[in-house]
Each structure stands twice: as C-alpha cells, then as structure tokens.
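Residue numbers run from 1 in the order of the sequence given.
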Amino acid sequence: MLGKLTAAGQAGQRVCLQYEQGERRIEILTDSIIRVYEEREAQVSKAIEKRPQEETETSMEYADGVCTIKTARVTVVAGENGTVDFYDAAGNAVCLDYRGARRQRTGLSGEEKELMEQEGHQGAAGNGAHLMEVLKQIEGDECFYGLGDKTGFLNKRHYAYEMWNSDIPDPQVDSFKSLYKSIPFLIVLKQSCVYGLFFDNTYRTWFDLGKECGDYFFWAADQGNLDYYYIAGEKMTDILTGYARLTGTAPVPQLWTLGYHQSRWSYKTEAEVRELAAAFRSHDIPCDTIHLDIDYMERYKVFTWGREAFPDPEQMIRDLGKDGFKIVTIIDPGVKVEEGYEMYDEGVREGYYATTPEGEIYVNAVWPGDAVYPDFGQERVQKWWADKQQFLIDSGVRGVWNDMNEPASFRGELPPDVVFTDVDQKKADHARMHNVYGHLMSKAAYRGWKEHDGRRPFVITRACYAGTQKYSTVWTGDNHSIWAHLQMAIPQLCNLSLSGMPFAGTDIGGFGSDTTPELLARWIQVGAFSPLMRNHCAIGCDRQEPWVFGEEITDIYRKYVKLRYRLLPYLYDQFFTGEKTGLPLMRPLVLHYEKDGNTRNCNDEFLVGESLLVAPVVEQGASRRMVYLPEGVWYDYWTKERLEGGQFLIREAPLDTCPIYVKAGSVIPNYEDQSYVGEKGIRRLILDVYPGEGTSSHYQDNGSDFAYREGEYNEYVFAQKDGVLTVSLSHAGYAKRYEGFRIRCLGKEEDTAFLGDKLTFLL
Ligand code: GLC
C-alpha cells in the first residue's frame, strides 16, 4: 500500500507522485495516451520503440492528497494508495480504480484435490494474490476485446487469461489460459465510451475480466514494473490507432504474400514439391507459395538443406519461380548440439546461447534432439541471426517461417533462471525474456531480410509480444481439423486484429486431426478473407490439398481462391491504410458499429476493411444461416440484391456459398483472374461499384520493396455521390499507372480509359 499522496510535482508532461510509501509517475504522451508507471527494475520496452511524445497542454493541480492532471481530452485523478481514475474532457467517468479488495477464490483442500486427481483431473487452484495488481471498476455493460490470440469468443468478459507464451498441442478450448502469443492489450467498450489499456510487462501476467468478481477486472504481475498506458478515444478505431502509435504498425507486405500458400508437414522431397506445384496449375487453383516444413533440413539443423531429398534447391526454386511459385522455409530457434555443425560451433565460441546461472550453455530438446537457444536479446546475436538469413536468400527462398519460439522445449519448460540478455545488454532471466523470445527472433529475421534481400521481409512467427506486428506475420499455431476451431478462427483472428496484429491466419483445414470434405470447403471460405491464407496440416494426418476430396470440393476451393486473387487490390489497400492508421484488414463488426448491441458478441461474421461483410457457415451440415447486417444499406455480393441493414435475415448458403455483403457506396477494386500474383501485368483495374455515397482510396505500387515510403506509389480516390463515380489520382508517384478501368455496377459493365488525373462516370 502506498498510503496517502503527499506531494505531486510536474516537469513538462511528466508528473511525479509522492506517497507516504513510495512514488509513481504519470506521463502524458499525447492528449489521449497516458502512461502510469512505477519503476522497480530498469527496463527497456520491447513493444514501444518510438515513444510518441507530442507537446500538449497539460495542467496539474495538487490539493489535499489528490492530484488532478488535465489534457484537452483526458482528466486523470490520482489519490490515496495509488488510485488512478480517468475521466473524459466533459468530466464523465471512463475508467476508475476499484476501491475494495479482491475477492479471491480459495483452492481445494488437499483431500479434495487428491479425490479429483484420482480420475485424472487437475483440481482447480486458488486465485493467488500478486505483487502488482491493478483493479478497475466494472460498471455493468463492459465488453473486453484484444489480448492477442486467446481461445474462445470475441468478447472476453467473464474470462481470465495468462500471458505466457505456450506450446500446448492439445485441441485448444475456451478454458485455455494462454496460447503462443502475449499481447497484453485490452479494449474496453461500454455503451457510453471506449478506452484501451496496455500493460507493458514481459513477465508472466494475469488478466481477469470480471471472472473472479463482477465488480472489477484486473491485471497483475509478480515481477517487472507496474507500467501501463491508458488510451482514450471517441471511437474504437481511435483506440487502435492510439495503440499503433505506441507499438507501431505492420508494414505493407509484398503483394504475393497475400496470395494463397500451401503447406504441409512436410513436402519431403524435391519431386514432391514439383508435383505439388504442377497440380495447382493443372487444377487451375491459384497459388503463390509453397512452405517447406522441418524435413527440408539436414536432420533438423537450421540453415542447412538435406541434400539427399533436395539435391539442388537453388535450381528447384528457380524452376518453380518461372511458374510463379515462391518457397518459404521454416526455421526454429533451437540449434542442434553437434560439434562440427557451423551454427553450433560458432554460437558456442561466441557466447551466443542462453546459459545456466552457473554459466554452462543451457541444453533442452526440440526437433533435432539436444538443442541450444540463441540469446536473441544480445545485439551480436541479433546481427548474427539476421546475417544467417543470407543462407536462405542465397538459395532463392522468399520468406522465413519462425516456429517453436515460445520457446518450445521437449524436456520441460526452461527454468525461470536460465540466463538470457535483455535488449539493454544486461543479463536477464528466462522469466523476463520468455514472452519476448519470439518477438526478438522475428526482429532479427526481419532485419536480415531487409538488409540482405532488400524487399519487404516476409517473416511468419508463432510466438510474439506486443509490437511484433512491425516485423512479422503470425499464424495461430496448431489448431485441429474440428468445427470448433473453424468457429474459433473468426474471433481469434479478429482479436489479433484488435491487438495491433493485422497480418494473421489460421491453418486452413486444420493442422492436427483429419479434416472432412465439408470442413475444408467451409474453411477455405473463411481463409479467403483471412489476412494470411495458408493451408497447413500435420504429419500423419490425412492429406488436405484442395483437390483430395474430388470434384465438388475442388470446385468450391477454386472458387474461393480465385475470389481471393480478384480481391487482392482491395486487400492490399487495407495494408496500405493499416500502416498509417493501425486499422486491420479483418475486423469484427463491433469495430465499426460499436453502439449497436448486436455486434458486440458477433462471433460468426466479420468485416474485411469497411466495405465487405463476410458471414461464413461454420457449422456442420448447415446450408443456411442467420446473418446480421448492421445499419445502412448492403448489397448481397452474389445476387446484388439491395438490403436494408439493422436486421437479421436468413440466407441460403449451400456448401459452395459463403454469404458476403457489400456496403452501399463502396467501390471494390478487382484484378482479373491470375494463377499467381504478377502473372499478368495489370493495366486495367476492375471496379465493382455499389450505389450509394462513399469515398475510398486505392493504392498501386511495385508491390515489392520500400520505394512506396519514398512516395513511389499512386493513390486513386473513388468517390460516389448522386449516381456519379469520380476517380481521381490524388498521388502520382508510380510510373505504371492503370490505363483504364472496367466499371461494373449491378449487372452493367463498361470499359473506360484513364488518361488524365480524373474521371467522372455516370452510373
Ligand atoms: C509445430 C508447428 C507446425 C509445424 C510443426 C513441425 O507444431 O506449429 O506448424 O508443422 O511444428 O515443424
């Protein structure tokens, strides 16, 4: 307990609060981002690399043990025992500390526990007290979103979670406390307001969102700093933009990475890979990327090729490249213990691996057997690992898939005292570095590809922390081929989107267990709109390439992959705006319709950008479903029927139909059909126009490198009003402009040239 607040001093936008026992600081980063912290350990944030610091008028008053700080948008009131309350500019309470004590649940008695264990149950543990706990009031209608890749539904109210990156192969269910990623960021939505909270602590942390008690929610930690950010905003989108200002945004990816990816553990030989590629072309299913899982390596040694199965990978990759295919290879952090293996020897010699407290190199086991763990916090290791990517680049590989970086370990979890290095080059233990291990590995990989390849790096990671979006794409790890996991894919990807992580995907078809024809057909319908579109499957499970279930399923699969390829320019636009705003491609309905109570728990629909609403069937045997359309006018994508929003409707949805709706006033840019990105030099863009009023931007660039950051891109603005479509070139920086447009509007179609900078078209 800090006791009474005895003094407060202001230095610029920082306020130092003195209590009877201890002190705390409040820092005003912008008029709507406020940091509250108490530094127990010297720490450099891994999530926030460029702290936003905006000069903003800040006033502070201290009287009678209460300190009031005001910005143009937020009032913060700090008082006794460290309470911190947030109000909006009009003085309405938004986020208040809870004044009472926690009502902890006690665990089972020893006898009860024993009884439970007889049948193999674990026996519920009590909810312990933590060294740091921040309790906030629940007023009543709060919904909670974000928190990364947690299981369950969209709204996290009444659930409790832990941030501890975990590789648990069991089929994931709602009661899982943690998965592979730790993103301690939360959006709290009430009918009256919305705000964000980011708890920047890399140790194991706990979040309880009204599970323990309906009167409060809390987050807690036993180590590290109390260090959190309050993000204010008018709308939910403001909160995401605020969070992006803190932790950064995902860079625009190479265009081909938004195409279709095929993976399996494993395509084991060169012949198999060539056959697979040929099958995509012969089945006329577009595909850009084939992923090689661990078997391409020599006995699972990272940065090697198993030359027996892949005698000439460079030639193979060149040949496949002629047909539009790119190869992405998996790389795990665990380096095989083997004298004479360069990676191992070099790392041992240079002190690149984590050690025991006694200074011995720490050994656990992953795929190659005994393995050691690169200490990614060391700058030297960052550089070393970045440079190692050259091996892949030299082979012609186009991206790296980082796995097992929680870090996974087959002989029990790494003890908390294994010695790593923090990014400030000070020694730090596993307890502190665990949750950022995947983050730091991805950061090194990103750096390597950026430096040595020069194009926008394509890095995928399984484990991550807040801020990893700057370096990597993610996938949600080892799901199963079960309907529950197709259902979970939607809220899980939407919550990743709401956690600043826009480029994410699930293993289409499911990783573990065997998929069914119907499940695969429905999964590709969700996959077609997932930011990362990859089919992946585990060793020993039935094959799930698009054509294995016969003609009907192949046709459905082809239909959605082709749809994806046509929509690529629209999907790409979402990343272009996302890099500036932090807004994701895949969005839960609540992000744009937060005042509408029907959206808050909507788990089986989502928006793609603002214009498309996707309502997939995620239930076995269903051939129709209830669809909720939020306010406004919508068009059925397939039938072009005009529908009033603000209503539930029943949509027929046989196996080949994924209900899709388009918001009136939208202009959706399309490419013509392609087997892979760049197959055709697209000079004519197809514009699907849905009557109404609206404005949107479309971006065009080389889809490959960072020239767009120097202005080498074109921005076209589509505006619709009173039956007139105007297309104007608002930024011209990329030489290969479209020569014309094909304008399609409810069954009518017309080609028009685009000669100047502006085009007006009567619909
Ligand atoms: C892990 C990954 C999975 C991969 C497998 C073998 O389970 O999550 O995607 O196929 O390891 O590398």
Q: Can you tell me if Ser530 uses its side chain to pair, donor with acceptor, with the backbone of Leu532 under 3.5 Å?
A: no
Q: Can you confirm whether more than 12 heavy atoms, excluding those of Arg744, are under 6.0 Å from its CZ atom?
A: yes
Q: Are any side-chain N or O atoms of Asn435 and backbone N or O atoms of Thr202, one a donor and one an acceptor, separated by less than 3.5 Å?
A: yes
Q: Hey, are Arg73 and Asp31 close enough for a salt bridge, meaning a charged N less than 4.0 Å from a carboxylate O?
A: yes
Q: Test Ser45 against every option in Asp227, Thr247, Asp200 by the side-chain hydrogen bond (donor to acceptor under 3.5 Å, both in side chains) rule and name the one that passes.
A: Asp200
Q: Would you say the side chains of Asp688 and Asn670 form a donor-acceptor pair under 3.5 Å?
A: yes
Q: In terms of ring plane angle, is the pair His698 and Phe718 parallel, tilted or perpendicular, where the classes change at 30° and 60°?
A: parallel
Q: Name the one of Trp401, Tyr676, Phe458 that satisfies ring-ring contact (aromatic ring centres under 6.0 Å, His included) with His261?
A: Phe458
Q: Between Lys721 (side chain) and Ala719 (backbone), is there a donor-acceptor pair under 3.5 Å?
A: no
Q: Report yes or no: does Lys470 contribute a side-chain atom to a donor-acceptor pair with the main-chain N or O of Gly467 at less than 3.5 Å?
A: yes
Q: Quick check: does any side chain N or O of Ser666 sit under 3.5 Å from a backbone N or O of Ile668, one acting as donor and the other as acceptor?
A: no
Q: Between Tyr635 and Tyr690, how do the two ring planes meet: parallel, tilted or perpendicular, split at 30° and 60°?
A: tilted
Q: For the residue pair Tyr738 and Tyr716, does the interplanar ring angle fall in the parallel (under 30°), tilted (30 to 60°) or perpendicular (over 60°) class?
A: tilted
Q: Just checking Tyr159: does its OH atom have more than 12 heavy atoms from other residues, nucleotides or ligands closer to it than 6.0 angstrom?
A: no
Q: Looking at Tyr230, Tyr228, Tyr229, which one forms a side-chain hydrogen bond (donor to acceptor under 3.5 Å, both in side chains) with Arg35?
A: Tyr229
Q: Between the side chains of Asp573 and Ser697, is a donor N or O closer than 3.5 angstrom to an acceptor N or O?
A: no
Q: For residues Gln720 and Val667, report the shortest heavy-atom separation together with the two atoms involved.
A: NE2-CG2, 4.1 Å
Q: For Arg14, I'd like to know if atom CZ has over 12 heavy atoms of other residues, nucleotides or ligands within 6.0 Å.
A: no
Q: Report yes if the side chains of Thr473 and Val459 come closer than 4.5 Å at any heavy-atom pair, otherwise no.
A: no
Q: What I want to check is whether the side chains of Asp88 and Tyr195 have a donor and an acceptor closer together than 3.5 Å.
A: no
Q: If you measure from the Lys or Arg side-chain nitrogens to the Asp or Glu carboxylate oxygens, is any gap between Arg534 and Asp288 under 4.0 Å?
A: no
Q: If I take atom CG from residue Leu687 and atom CG from residue Leu685, how far apart are they, to the nearest 0.5 angstrom?
A: 5.0 Å
Q: Donor-acceptor check, side chain of Ser499 to backbone of Asn495, threshold 3.5 angstrom: yes or no?
A: yes
Q: Before accepting this row, confirm whether a basic side-chain N of the pair Arg683/Glu672 lies closer than 4.0 Å to the acidic partner's carboxylate O.
A: no
Q: Salt bridge (Lys or Arg N to Asp or Glu O under 4.0 Å) for Glu54 and Arg245? Distances and angles first, verdict last.
A: CA-CA 11 Å; Glu54 215 170 71; Arg245 291 197 65 189; 3.0 Å; yes
Q: Can you spot which of Tyr572, Phe576, Phe706 makes a ring-ring contact (aromatic ring centres under 6.0 Å, His included) with Tyr713?
A: Phe576
Q: Would you please name every residue forming a salt bridge (charged side-chain N to carboxylate O under 4.0 Å, His left out) with Lys235, sequence neighbours left out?
A: Asp238
Q: Could you tell me if Thr599 and Glu594 have a donor-acceptor pair between their side chains, going purely by distance under 3.5 Å?
A: no
Q: If only atom types and distance count, is the side chain of Thr461 paired as donor or acceptor with the main-chain N or O of Ser442 below 3.5 Å?
A: no
Q: For atom NZ of Lys595, decide whether the heavy atoms of other residues, nucleotides or ligands shown that lie under 6.0 angstrom number more than 12.
A: yes
Q: Look only at the side chain of Glu710 and the backbone of Tyr708, and say whether a donor-acceptor pair between them is shorter than 3.5 Å.
A: no
Q: Could you please spell out the steps behind the ring pair (Phe, Tyr, Trp, His ring centres under 6.0 Å) verdict for Phe207 and Phe217?
A: CA-CA 8 Å; Phe207 282 78; Phe217 68 97; 9.0 Å; no
Q: Is there a side-chain contact between Lys190 and Glu139 (heavy atoms, below 4.5 Å)?
A: yes
Q: Side chains of Arg566 and Tyr671: is there a donor and an acceptor less than 3.5 Å apart?
A: no
Q: How about CD on Glu234, more than 12 heavy atoms from neighbouring residues, nucleotides or ligands closer than 6.0 Å, or not?
A: no
Q: Before accepting this row, confirm whether a basic side-chain N of the pair Asp149/Lys181 lies closer than 4.0 Å to the acidic partner's carboxylate O.
A: yes
Q: Hey, is Arg600 close enough to Glu142 for a salt bridge, meaning N to O under 4.0 Å?
A: no
Q: Is it true that Asp701 and Arg456 make a salt bridge, defined as a side-chain N closer than 4.0 Å to a carboxylate O?
A: yes
Q: Assess the side chains of Tyr628 and Asp596: does a donor N or O sit below 3.5 Å from an acceptor N or O?
A: yes
Q: Would you say that more than 12 heavy atoms from the other residues, nucleotides or ligands in this model lie under 6.0 Å from the NZ of Lys562, or not?
A: yes
Q: Count the heavy atoms belonging to other residues, nucleotides or ligands that lie under 6.0 Å from NZ of Lys736, then report whether that count exceeds 12.
A: no
Q: Any chance the rings of Phe503 and Phe575 have centres within less than 6.0 Å?
A: yes
Q: Do Thr468 and Met501 touch side chain to side chain, with heavy atoms closer than 4.5 Å?
A: yes
Q: Has Glu631 got more than 12 heavy atoms of other residues, nucleotides or ligands less than 6.0 Å from its CD?
A: no
